[in-house]
Structures are given as structure tokens and as C-alpha cells.
Amino acid sequence: MADTITITLPDGTTKAVPAGTPARTIAEAIGPRLAKAAVAARIDGEIWDLARPIRGDARLEVLTDRDAAALDVLRHSAAHILATAVRQLFPEAHIGFGPPIQDGFYYDFEVPRPFTPDDLTAIEAKMQEVIAADYPFAREEVDRPTAEQRFRDDPLKLERLAELGDDETISVYTDGPFVDLCRGPHVPGTGNLKFFKLLHAAGAYWRGDERRQMLQRIYGTAWFSQKDLDAYLHQLEEARKRDHRVLGKQLDLFSIQEAVGPGLVFWHPRGATIKWLLSRLVEDDNVANGYDLVYTPNITREELFRISGHLPHYAEAQYPPMAAAAGEADDVRYRVKPMNCPMHALVYSSRQRSFRDLPLRLSEVANVYRNEKSGTLHGMLRVRGLCMDDAHIFCTLDQAEDEIFLCLDQVDRLVRQTFGLDLEFEVSTAPADKLGDDATWRQAEALLQRALERKGIPFTIDAGGGAFYGPKIDIKFKDAIGRIWQGPTIQLDFQLPARFELEYTGADNQPHRPVMIHRAIWGTLERFVGCLIEHFAGAFPLWLAPVQVRVLPITDVQADTARALRAQYRKAGIRAEVDDRNDTLNYRIRDAEMLKVPYMAVIGQREMDQGTVAVRVRGAGRKQEIVSADAFLDRLRAEIASRTLVLGASA
RNA sequence: GCCGACAUAGCUCAGUGGUAGAGCAGCUGUUUCGUAAACAGCAGGUCCUCGGUUCAAAUCCGAGUGUCGGCUCCA
């Protein structure tokens, strides 16, 4: 074994150092400032502790607080510091896992009673003590008996230990009084953590398995600077202000009422306007692109969902059966539909189909009902009554790729171009409980990927994330503050056509089986509108705004003129209101601003005399523009027609 | 469904065992106003529901319902 090893730095220079030299020593040799800023090191692409001895030739990159990877190391160490504190305050706590996550970290504990908010305060204070002590994070590689001995009182760690293969290195990390079974790496010492906050505690199943015991998870966030921490906490605050449940109430868009039941949405007039506009938009686009409209029943004999395979798969998430109508056999049961696919399959099979009929594209904006678990419901984003902009395309296998390509095109047109949303694509492959054979699945998965590649769309793979009947392309978008939402979906299905024995007659005069593509552009109107509320923070673009113009007469003298203007605008298709309440102009302007009405048309004596309006733009402050009432109408129409996202930017 | 917290006027919230409160909104009146809150008055309550403890419960206890934060799930 060589005594001297060669370390290659990112700039290509090399250093010869004794074998076993840790990265910290090399950083110190490069410069004291680098050594001080160093958090961890990247050794041949792998993140290592600064103190870990390097045994052979390697490429080395010193990581400082400027590297994203270093933030994960810090957060992982923060989780250990949290566990260190918890173990001091609650010596009987068993430890589970404590990884870094997006924006922070958590640690799971098995404790006799859940943590209270007061506990969190005490734990945070204890963490400060651990940080002040600046215990070094010491790595040790141990054999299995030693590890079993160290963790003899931690059943969760022993379980994890038992899963490690015999060829795997078992490493433990110690910081002061705390020892953890951990792969690492960590920051040099507990004193490296300076800017953090514990956020909340919640139950979480051990190993994410609902059949196992529930642990208590503490979430926290950690950053390299006070500024970053403040910015993150501020962003959480901003997100709360945009919450569609809050805005939905403030802007009177929708409600969910206990008298009717959880997860069932009432669309109030303003919210219904948005839903109506989106439904119309997608229906118009469907019809313009070769789809046919259908309407199908909301309840069905449950046998239909036995044939489709949905009932056995999703039995607990469907509403229970209803008894048969008088005159039917006693054992007939009805169900409210949880989805439309079998209905559309029946429209397909209601007559003979020729290859000349294909592709047959059936679309329906339809309500379906799913008995989602109570704990999963969330405003409009997770509901029990869903309105889907659903469609099913029946086509030959040869046509499928083109059809998927066209679906991707429609998503691009309606979601990306119309709303300026960034899209991310994910191909979800065969799940464990799939129907059908492997070869068919691979064929279907390849087909989806080819369509994406042809459209030049990069995508990621969600292995095992597909529906039981086929793989899918899930499309996610990023909202105004960077959060990711699941929106459109395109799914390929070989199973339902077989289960419903769908056929068409080919050019060869022989029966053939079509394939089926399920697709939704908005997904559900509930979720999409909920996302849009948060994306726009309630300030919708003109074309989508429930109220587009508020006409404000300054005094009673102008009230009739204002009402006449409203009538004229409404006739032209503009959603206009008059606010002639007995309140000051300032008050009414404030009210319209808070309702996020895009335009106010103020009419005083001057405007009344000259046939003009003083236009105030939402969010633009006192800046106003005097234009003729007719010119303003033209401007509104142009801006609505262009569906522009920016007020005042038509065409 | 699981763990925890919460539920008071239309909304946001105060009220730790002794006669239920504020701000905003609403209604009425005065004011007729030039770009983000005029003034005054009035009205508004099954303190989520049911049960228990107590001389006395919004307040303490139990169950249920709903909501919120997570977990699990999401055709």
C-alpha cells in the first residue's frame, strides 16, 4: 500500500499527501479561509466528512456553505443535534430515522407520549446547549456485534441494522452524548449549526407503513445564514396568505359545508364563473381537435366496476352500494361512479366500430365521487366530489403514439401557454398490483416515452407509480412561489379494452382490439382552480376574473350613468358591476382592491360630461388613465380575447 | 383511517369555573365625497353536538362531528 496518495483538486492541480490524510488537512493547506468555510468534502463524487481519512488517490472538492450538497449535510447534522437534545430530555425515547428533506430535516422518535408545543420549545433550547458545546461529529466503522451492543436499547436501530448486508460498512456517528447508526456525512461539529428552527411535531408510521407503530416526528428547518432562514420563514408566511381556503372565503369563491359533508365543494357565483370558463375552454379546445362530447350517468349497477376491475382495487375508496330499484333482482346494487372510463367504453361498444372510426375521442366534463379517507381531505385540492375534464381516446396501437403526442400538445397549449406554468413530466411505470403481462407493460411504457421524446420533452421516471391498468405520464406544474402540483395526466391502457371486449373491424375484415388512452388536462376542476387561486394569489388575469370591471360613481349624481355603462359592458360580454353604495370613494376603491377586481372605472362629474371613465388598474395605485367609455370597452375585449396574464397588456 | 392540536357573532379573534366581548362586515340615519377604511346609532350568540362532574361549565372530563398540521392513501 502506497504511503503517498495523489489528490486532484477541481482546478486540475494535484497534491501528494500521506495516505490517510483527511480533507480538512488538505483544505488547511490550500488556505485558512477555505478551511474555515469548509463543511464537507466531495471525494470522487461522494460526500465525505472533512475528518475522514482518505486512503487512496482521489479527486477532492471542498464543500462550503455555497454548495447545495453542503446544506443537506448541515440538515442531516441538525437532525442528529435534535436527537441529541431529545435523548437528554426524554432518555426513554427510541430513535428511528432522521434524514434531511427539502428545506429542512426531521427525526422520528418512539416515545410514551406525543410531543407538545412546550416540549418543542424545551428541545430547541436544549439543542442550543448542544450547539454551544460544539461536540465534534466522530465517525467510526464498527463490526456487527459492536453495533448491536451499542444499539441494544434501540429496537428500531436494531431492525435497521439487521437489514444491512454483510458486505456493507456499518458506521456510527457520535456527537457528545449521542450515538447514531448512520451512513453520514456530517458537518465537523455541532457548533456548525447556527440558523435553525423546529417547526412542528406530528405522528408518522415507522417505515412509512400504516400497519406498523406510529412514531412522533419533529420537523425543523436549517440554513447557513439568518437571511436564508428568514427568507424561508417569510416564504411560509406568503404561502399561508395565498392559501386557497383563505382566499376562497375572502373572495367568496367556494365553500365546503358540514351540513352536506366534508370534501364536497359548493362553487359560489364567483368561483363558478372560473370553473365555467375553464370547462368551456377545454371543451372548445376538445371539439376543435376532433373530440366528441358525451354525457353519461352518475350512478351505475356495480357490476360495471367489477368488470373494469376498479371495485376490487379501490373498494374502500368507493361509496357503498345502494339497493336496487323496485322490480329489479334483490342482489342488484348501484354505485355512484368514481370515474368515467367504463362509461366511455360502453359508448364505444354500443355499436360496431370500424378502423375508419378510429381514433374515437370521447370527452366529458363530469362529476365523480370517491370516498377518500377523512384525513386526506384538503380544501379543494383533495375532495370527495370531483369534476374531471375527462376524455378517453380509442385507437389502434399504431395510432397511440400520435394520439399521446397530441395530448401532450393540448397540455402545452392549455396549461403552459395559457397560464405560463412551468411543466415537469414524469412517466409512471408498472405498480406491484398491476393487471396484464410484463411485455405489454414494457410496450406501453416505451410508447409513452417515445411520444415525449418526439415532442422534445425531458421527463423523469416514477418507477412503480402507474395505475393498475397501465402506465401514465403525470404532469406537474410549478406555481408562482415554486411549489409543485400534480395536474394533467395521460394514461395508456390495454386492460379495459380487453375487460370490456372492445373491438373494431380492421381493413383485413378481422376483429381487432383498440387501445385506450385516458387523459385529463385540468385534472379536476377543484384541484386546478385551487392551484390557480394560490398561483395568482386570487388576482386572476382579466379573462378569468369573476368580476372584470367595477364601475364606481363618485356621487349619486353619476349612479345612473354608471348603471348604464354596466348594462352596455354586460351586453358586450364583460363581467361588470356597479358599486354605488353609500360609502366614500376611498372605501369603495379599497374594497375593490381587496376583492382583486382587475379594473375600476371611476365616474365623476368630468367623466359623466365627457363620456369617459377614469380607469384604475388593480395593484397600480393612484395612477389612473382617462379614456372614453367605448375605447375602454374595446381595450377590455382585446385583452380578454388574448387571455393575457398581465393587466393592460392586450394582443 | 392513524397521531396531535383546535372549534366562541357573517369573518378574524379575546375571554382558565361565577350575568358572553372587540374589530371588521351587516342594517338605519347623517354625509355626496376625485383614487386603499367618513361619522353616529342599531342589531347580531344552541360558546360545534350529546353526555358527565359541579351550587355553578364557553371554561374541567368523556364520546361524536368538523377543521388544521403531519403520516398512510390518491383510479
Side-chain angles (χ1 to χ4, degrees), chain A residues 106 108 111 113-117 119 199-219 240 243 245-246 249-250 252 256-259 261-263 305 308-311 313-314 316-318 337-342 368 370-379 381-384 386 388 390 431 465-470 472 474 486 489 491 493 495-496 518 520 523-524 527 552-559 580-594 600 602-607 614-624 626:
Chain A
Y106 68 76
D108 286 342
V111 279
R113 64 159 180 87
F115 297 111
T116 65
D119 291 337
L199 297 174
H200 54 262
Y205 297 110
W206 168 233
R207 311 307 292 268
D209 184 341
E210 66 180 330
R211 288 163 306 189
R212 307 209 55 180
Q213 73 266 44
M214 185 153 267
L215 309 181
Q216 294 303 318
R217 175 172 297 178
I218 297 177
Y219 285 93
R240 260 191 289 276
D243 190 316
R245 293 164 300 182
V246 174
K249 191 166 270 180
Q250 277 170 14
D252 196 17
I256 294 172
Q257 307 202 28
E258 194 173 338
F305 288 111
S308 70
H310 288 94
L311 201 46
H313 255 87
Y314 297 104
E316 79 293 346
Q318 293 200 30
K337 70 176 170 184
M339 28 94 69
N340 305 301
C341 335
V368 300
R370 298 175 182 177
N371 195 5
E372 302 286 1
K373 289 180 187 173
S374 58
T376 64
L377 301 176
H378 182 97
L381 301 181
R382 190 73 183 274
V383 293
R384 289 188 171 148
L386 305 64
M388 303 178 70
D390 211 356
F468 71 87
Y469 50 71
K472 55 183 180 171
D474 278 331
Q486 155 77 46
T489 181
Q491 312 180 354
D493 183 358
Q495 305 307 325
L496 281 190
H518 311 238
T524 74
R527 178 173 293 187
L552 305 183
I554 290 181
T555 73
D556 289 348
V557 178
Q558 296 90 31
D580 58 355
R581 286 177 297 178
N582 181 16
D583 283 293
T584 60
L585 180 62
N586 274 344
Y587 179 91
R588 287 175 289 150
I589 285 172
R590 176 181 152 83
D591 191 63
E593 285 283 357
M594 290 198 307
M600 280 170 251
V602 179
I603 303 182
Q605 192 59 50
R606 289 200 299 274
E607 288 76 17
V615 176
R616 180 181 165 120
V617 183
R618 175 181 67 204
R622 37 190 325 134
K623 198 169 69 183
Q624 54 170 332
I626 314 292

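Since we're looking at a predicted model, the values are computed, not measured. In what follows, every heavy atom counts, from backbone to side chain, and hydrogens, waters and symmetry copies are set aside. Order of the sequence lines fixes the chain letters, A, B, ..., with proteins taken first and strands second; residue numbering starts at 1 for each chain.
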**Student:** Given the C1' atoms of B/rA7 and B/rC11, what is the spacing between them in whole Å?
**Tutor:** 15 Å

**Student:** Taking the same atom, C1', in B/rA57 and in B/rG51, what whole-Å distance lies between them?
**Tutor:** 13 Å

**Student:** Which nucleotide, if any, forms a Watson-Crick or G-U wobble pair with B/rC24, using both distances under 3.5 Å?
**Tutor:** B/rG10

**Student:** Within the supplied structure, the quantity of interest is the number of heavy atoms (other residues, nucleotides, ligands) at a distance under 6.0 Å from A/R211 CZ; does it exceed 12?
**Tutor:** no

**Student:** Checking all strands, does A/F468 fall into the base, sugar-phosphate, or nothing category for heavy-atom contacts under 4.0 angstrom?
**Tutor:** nothing

**Student:** Using atom P in both nucleotides, what's the gap between B/rA14 and B/rU32 to the nearest angstrom?
**Tutor:** 41 Å

**Student:** Is the phosphate of B/rA37 approached by A/R590 (side-chain N or O, under 4.0 Å from OP1 or OP2)?
**Tutor:** no

**Student:** Looking only at heavy atoms, which two atoms of A/A614 and A/I626 are closest? And how far apart?
**Tutor:** CB-CD1, 3.6 Å

**Student:** If B/rA37 has a Watson-Crick or G-U wobble mate with both distances under 3.5 Å, name it; if not, just say none.
**Tutor:** none

**Student:** Using a cut-off of 4.0 Å between protein heavy atoms and nucleotide atoms, how would you tag nucleotides 22-32 of chain B 5' to 3' with B, S and -?
**Tutor:** ---SS---BBB

**Student:** Once you apply a heavy-atom cut-off of 4.0 Å, does A/Q216 come out as touching a base, just sugar-phosphate, or nothing?
**Tutor:** sugar-phosphate

**Student:** Please work out if A/P262 contacts a base, only the sugar-phosphate, or nothing of the nucleic acid, heavy-atom cut-off 4.0 Å.
**Tutor:** sugar-phosphate

**Student:** If we take the P atom in both B/rC3 and B/rG64, what is their distance in whole Å?
**Tutor:** 11 Å

**Student:** Given atom CZ of A/R588 and atom C1' of B/rC33, what is their separation to the nearest angstrom?
**Tutor:** 8 Å

**Student:** Scan A/K249 against the nucleic acid and name what it touches under 4.0 Å (heavy atoms): base, sugar-phosphate only, or nothing.
**Tutor:** sugar-phosphate

**Student:** Do you know which two heavy atoms are closest between A/L496 and A/C341, and how far apart they sit?
**Tutor:** CD1-CB, 3.6 Å

**Student:** When the C1' atoms of B/rU31 and B/rG41 are compared, how many Å lie between them, rounded to an integer?
**Tutor:** 15 Å

**Student:** Take atom C1' in B/rG26 and the same atom in B/rG45, then report the distance between them in whole Å.
**Tutor:** 15 Å

**Student:** Between A/H518 and A/V602, just flag the one whose closest nucleotide in RNA chain B comes earlier from the 5' side.
**Tutor:** A/V602

**Student:** Where the side chain of A/D119 meets the backbone of A/T116, is there a donor-acceptor pair that is under 3.5 Å apart?
**Tutor:** yes

**Student:** Between the side chain of A/E593 and the main-chain N/O of A/G619, is any donor-acceptor distance below 3.5 Å?
**Tutor:** yes

**Student:** Summarise how protein sits on nucleotides 68-74 of chain B as a single string, 5' to 3': B when a protein heavy atom is under 4.0 Å from the base, S for sugar-phosphate-only contact, - for no contact.
**Tutor:** SBBBBBB

**Student:** Looking at the base of B/rA36, is there any donor atom on it, or on the side chain of A/R616, that sits under 3.5 Å from an acceptor on the other one?
**Tutor:** yes

**Student:** Give a yes or no on whether the ring-centroid distance for A/Y469 and A/H313 is below 6.0 angstrom.
**Tutor:** no

**Student:** Determine the Euclidean distance between corresponding P atoms of B/rC48 and B/rU54; express it in Å to zero decimal places.
**Tutor:** 23 Å

**Student:** Write down the distance between CD (A/Q257) and P (B/rG66), rounded to a whole number of angstrom.
**Tutor:** 14 Å

**Student:** Under 4.0 Å, counting only non-hydrogen atoms across every strand here, what does A/A592 touch: a base, just sugar-phosphate, or nothing?
**Tutor:** nothing

**Student:** Please state how far atom CG in A/L552 lies from atom P in B/rA37, giving the value in whole angstrom units.
**Tutor:** 14 Å

**Student:** Between atom CG in A/D252 and atom C1' in B/rC11, what is the gap in whole Å?
**Tutor:** 12 Å

**Student:** Check the side chains of A/D390 and A/H518 for a donor-acceptor pair under 3.5 angstrom, ignoring hydrogens and angles.
**Tutor:** no

**Student:** Does a side chain donor of either A/R217 or A/Y219 reach within less than 3.5 Å of an acceptor in the other side chain?
**Tutor:** yes

**Student:** Which part of the nucleic acid, if any, lies within reach of A/Q605 when heavy atoms closer than 4.0 Å are counted: base, sugar-phosphate only, or nothing?
**Tutor:** base

**Student:** If the P atom of B/rC27 is compared with that of B/rG10, how far apart are they to the nearest Å?
**Tutor:** 15 Å

**Student:** Only one of A/T584, A/D583, A/L552 clears side chain to side chain contact (heavy atoms under 4.5 Å, CB included) with A/I589; which?
**Tutor:** A/L552

**Student:** Grab the CD-C1' distance between A/E258 and B/rC6 for me, whole Å please.
**Tutor:** 14 Å

**Student:** Round to the nearest Å and state the distance from A/I256 atom CD1 to B/rU65 atom C1'.
**Tutor:** 16 Å

**Student:** Backbone N or O of A/M339 within a donor-acceptor pair of the A/R370 side chain at under 3.5 Å?
**Tutor:** no

**Student:** Going by purine N1 to pyrimidine N3 plus the second Watson-Crick contact, or the G-U wobble pair, all under 3.5 Å, which nucleotide sits opposite B/rA56?
**Tutor:** none

**Student:** Nearest 0.5 Å, please: how far is CD in A/Q216 from CZ in A/R113?
**Tutor:** 10.0 Å

**Student:** Which heavy atom in A/K472 sits nearest to a heavy atom in A/T489, and how many Å separate them?
**Tutor:** CD-OG1, 4.1 Å

**Student:** RNA chain B: A/G604 or A/Q318, which has the more 5' nearest nucleotide?
**Tutor:** A/G604

**Student:** Write down the partner of B/rA63 under the Watson-Crick or G-U wobble criteria, each distance required to be under 3.5 Å.
**Tutor:** B/rU49

**Student:** Base, sugar-phosphate or nothing for A/E607? Non-hydrogen atoms, less than 4.0 Å.
**Tutor:** base

**Student:** Distance check needed: B/rU35 C1' versus A/E593 CD, whole Å only.
**Tutor:** 9 Å

**Student:** Now, which nucleotide makes the Watson-Crick or G-U wobble pair with B/rC68, with each of the two distances under 3.5 Å?
**Tutor:** B/rG4

**Student:** Figure out the CD1/P separation between A/I589 and B/rA38, and round it to whole Å.
**Tutor:** 11 Å

